[in-house]
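A short worksheet on the structure shown next.
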Amino acid sequence: PAYIFLIPTYAVMWFIGRHWAQLWVSNWAQLAQSSAGLVLASSLAFLISNASFYLFSGKFGELSWLAYSGRVAHYYPLYLGSTVVYGLLAWGGVYLFKALVEHKAHQDST
């Protein structure tokens, strides 16, 4: 039954991705704002997926929330870190692509 909660987990990431795709990040402040959104969405997705697994998997009947949180806590930095790295790499790729397209358009017009 916990698998159904992967839908809102991925929806959180999809919605922030759609929102981020509509923004053109042209300076460091905008990049920081978009990165904060990515961190927030990733954290929420992590919480939804892990909490639903804890509640509905049937594997943690005797385990308290505190004990479960302690077990899961060491996965969070790696989960968040890899998501942010991939997000920043994607942003960098889009930024580079758009810069190249603009440069080519400028060369063609001169």
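Using a 4.5 Å cut-off between side-chain heavy atoms of Ile, Leu, Val, Met, Phe, Trp and Tyr, with links allowed through other members, Y75 and F53 fall into the same hydrophobic cluster. One hydrophobic cluster, built from ILVMFWY side chains closer than 4.5 Å, holds both I7 and I48. Follow the hydrophobic side-chain contacts under 4.5 Å out from F46 and you never reach L40; the two are in separate clusters. The hydrophobic clustering, which links ILVMFWY residues whose side-chain heavy atoms are closer than 4.5 Å, places Y95 and L88 together.
Listed by chain and number, the residues in a side-chain hydrogen bond (donor to acceptor under 3.5 Å, both in side chains) with H106 amount to none (sequence neighbours excluded). By the side-chain contact (heavy atoms from CB on, under 4.5 Å) test, A90 pairs with no residue at all, sequence neighbours left out. Listed by chain and number, the residues in a ring pair (Phe, Tyr, Trp, His ring centres under 6.0 Å) with Y68 are Y54, F60 (sequence neighbours excluded). Residues satisfying the side-chain hydrogen bond (donor to acceptor under 3.5 Å, both in side chains) test with E62, not counting sequence neighbours, are none.
Contact record, S52 with A2: O-CB, 3.5 Å, taken as the closest heavy-atom pair.
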Give the table of side-chain donor-acceptor pairs shorter than 3.5 Å for residues 77-84, with sequence neighbours excluded, one pair per line with atom names and distance.
unit_1, atom_1, unit_2, atom_2, d
S82, OG, L78, O, 3.0
S82, OG, Y79, O, 3.2
T83, OG1, Y79, O, 2.8

Compile the donor-acceptor pairs under 3.5 Å between side chains in residues 10-17 and protein atoms, sequence neighbours left out, one pair per line.
none

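In this structure, CG on L38 lies 13.0 Å from CD on Q33, to the nearest 0.5 angstrom. Separating the CG atom in L66 from the CZ atom in R71 is a distance of 11.5 Å, to the nearest 0.5 Å.
Other members of the hydrophobic cluster containing L89, listed by chain and number, are V85; membership follows side-chain contacts under 4.5 Å among ILVMFWY residues, whether direct or relayed. The hydrophobic cluster of L47 has no other members, since no ILVMFWY side-chain heavy atom comes under 4.5 Å of it.
Looking only at side-chain heavy atoms (C-beta outward), W65 and L55 come within less than 4.5 Å of each other.
Counting only residues at least two apart or in different chains, side chain to side chain donor-acceptor pair (under 3.5 Å) contacts with residues 35-51 comprise S43-Y76.
For CG of L96, the number of neighbouring non-hydrogen atoms (other residues, nucleotides, ligands) closer than 6.0 Å is greater than 12.
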